[in-house]
Amino acid sequence: MTEGIILKGIGGFYYVDTPEGLIECKARGRFRKTVGKPIVGDRVSLEIQPEDGTGYLLTIAPRKNSLVRPAVANLDLLVAVASAAPPVTDPFLIDRVTAIAVHKDIGVLVVINKTDENPGDELYEIYRKSGIDTLRVSALTGDGIDALRAYIRGKVSAFAGNSGVGKSSVLNRIDPHFGAAVGAISDRIGRGKHTTRHVELHPIEGGGYIADTPGFSSFDTEQMDLVLAEDLQYAFPEFAPYIGRCKFTGCAHVKEKGCAVRAAVEAGEIAKSRHESYVKLYESVKDLKEWELTKGGTR
């Protein structure tokens with residue numbers, strides 16, 4: 001028996017990175033009564049068949065976190081790639097992703113790319129003030145890439161970024177062999193050449209994995225996991241010092257009088273755009289109930 005991490009799952013087959021190499025597996029265990037169906041990122045134990053080198057999944061370790069859309073488990077970090085150079089990233093797109101990450105106890109990092117064109121001072125200040133780690137890089141010149149590479153080393157990371165911000169260029173700067181590795185795994189698996197794209201993990205130089213997550217590629221967050229209204233205030237780290245200090249119990253921090261969060265926004269202690277994103281997210285989920293999320297398959 002050996003252990004590994006699922007890099008890809010398709011058509012009932014799972015491809016597991018192990019000390020013995022990449023092993024094609026089928027699921028033998030009954031996982032639906034424990035963590036559920038195996039997904040990318042799962043830490044598993046497997047039995048390798050001596051006849052042909054394929055394997056059977058035997059156990060899945062408890063997940064520290066998981067997303068439904070895209071289906072991936074045990075993320076250490078979610079990286080939101082943004083840009084202050086055209087096409088300029090709408091902060092709301094970043095805030096929706098970071099809120100989901102914080103809610104799921106996934107580390108979060110904002111990376112401002114294209115600093116050779118625009119240093120992104122306003123975006124940098126917004127997220128520095130919010131308590132979310134932020135780095136500035138240029139995929140063109142390589143500035144900041146070493147710091148980013150060091151930050152993600154040894155972690156399982158997913159990168160998100162709206163079209164045009166240079167997410168792919170950043171990834172190829174992190175690991176020049178990243179694109180080649182993607183192709184090599186697809187060739188090895190064979191079944192990867194499907195019209196429907198699936199989430200998969202790619203090992204990177206120096207240790208760690210990067211998740212290729214189609215749903216994140218264009219910030220298509222409408223299909224991502226939702227955060228219930230009562231939990232949303234905790235998904236904005238900079239709100240923490242003010243929660244419980246509002247005049248009225250159960251304050252939604254939207255337009256109530258005596259709201260400590262709104263007062264902090266007026267005082268410049270919380271970025272206005274962050275509060276605007278919070279309100280927009282709150283309005284979109286305020287009528288949702290836990291059972292509706294479960295029924296809809298978002299949890």
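No side-chain heavy atom of Y234 sits under 4.5 Å from any side-chain heavy atom of V102. Looking at K272 and H275, their side chains never come closer than 4.5 Å, going by heavy atoms from C-beta outward. Considering only heavy atoms from C-beta on, I112 stays 4.5 Å or farther from L135 through its side chain. Annotation: side chain of D42 is in contact with side chain of R63 (closest heavy-atom distance under 4.5 Å). The closest side-chain heavy-atom distance from S83 to V88 is not below 4.5 Å. In this structure the side chain of I100 reaches within 4.5 angstrom of the side chain of V227, judged on heavy atoms. Within the 4.5 Å cutoff, the side chain of L281 has heavy atoms near those of the R96 side chain. Proximity of V108 to Y127: side-chain heavy atoms (C-beta onward) are nowhere separated by under 4.5 Å.
Checking I126, V110, I94 one by one against I132, the side chain to side chain contact (heavy atoms under 4.5 Å, CB included) holds for a single residue, V110. Of the listed residues (N113, D121, T115), just one forms a side-chain hydrogen bond (donor to acceptor under 3.5 Å, both in side chains) with R136, and that residue is D121.
Atoms CD and CD1, on E200 and I210 in that order, are 12.5 Å from each other to the nearest 0.5 Å. Between the CG atom of L78 and the NZ atom of K104 there is a distance of 12.0 Å, given to the nearest 0.5 Å. To the nearest 0.5 Å, the span separating CD on E24 from OH on Y15 amounts to 4.0 Å. Taken to the nearest 0.5 Å, the CD1 atom of I106 stands 5.0 Å off from the CG atom of L75. Taking CD of E117 as the start and OG of S138 as the end, the distance is 8.0 Å to the nearest 0.5 Å. To the nearest 0.5 angstrom, L109 atom CG is 8.5 Å from S157 atom OG.
Under a hydrophobic clustering in which Ile, Leu, Val, Met, Phe, Trp and Tyr are joined whenever their side-chain heavy atoms come within less than 4.5 Å, directly or via other members, F92 and V254 fall into the same cluster. Clustering ILVMFWY residues whenever any of their side-chain heavy atoms sit less than 4.5 angstrom apart, transitively, puts I39 in a cluster other than the one holding V16.
A salt bridge does not link D17 to K8: none of the charged nitrogens lies less than 4.0 Å from a carboxylate oxygen. Salt bridge absent: K129 and E238 never bring a charged side-chain N and a carboxylate O closer than 4.0 Å. Ion pair E283/K280 not flagged as a salt bridge, since none of the NZ, NE, NH1 or NH2 atoms sits closer than 4.0 Å to an Asp/Glu carboxylate oxygen.
Taking the six-membered ring for Trp, Y278 and F239 have ring centres closer than 6.0 Å.
Of the possible polar contacts, one joining the K114 side chain to the P86 backbone as a donor-acceptor pair under 3.5 Å is found. No donor-acceptor distance shorter than 3.5 angstrom exists from the side chain of D95 to the backbone of S277, with no hydrogens or angles considered. Side-chain N or O atoms of E266 include none that pairs as donor or acceptor with a backbone N or O of R262 at under 3.5 Å.
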All N/O donor-acceptor pairs, side-chain side in residues 142-152, below 3.5 Å, sequence neighbours left out:
{"residue": "D143", "atom": "OD2", "partner": "T141", "partner atom": "OG1", "Å": "3.4"}
{"residue": "D146", "atom": "OD1", "partner": "R149", "partner atom": "NH1", "Å": "2.7"}
{"residue": "R149", "atom": "NE", "partner": "I174", "partner atom": "O", "Å": "2.7"}
{"residue": "R149", "atom": "NH2", "partner": "R173", "partner atom": "O", "Å": "2.7"}
{"residue": "R149", "atom": "NH2", "partner": "I174", "partner atom": "O", "Å": "3.3"}
{"residue": "Y151", "atom": "OH", "partner": "D133", "partner atom": "OD2", "Å": "2.5"}

Extract all donor-acceptor atom pairs below 3.5 Å that involve side chains of residues 240-251 and protein atoms in other chains or at least two apart in sequence.
{"residue": "Y242", "atom": "OH", "partner": "E269", "partner atom": "OE1", "Å": "2.7"}
{"residue": "R245", "atom": "NH1", "partner": "P241", "partner atom": "O", "Å": "3.2"}

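Residues passing the salt bridge (charged side-chain N to carboxylate O under 4.0 Å, His left out) test with D76 are K64, sequence neighbours excluded.
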Full working for side chain to side chain donor-acceptor pair (under 3.5 Å) between T59 and S45: CA-CA 5 Å; T59 64; S45 66; 2.4 Å; yes
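More than 12 heavy atoms of other shown residues, nucleotides or ligands fall within 6.0 angstrom of atom CD in E20.
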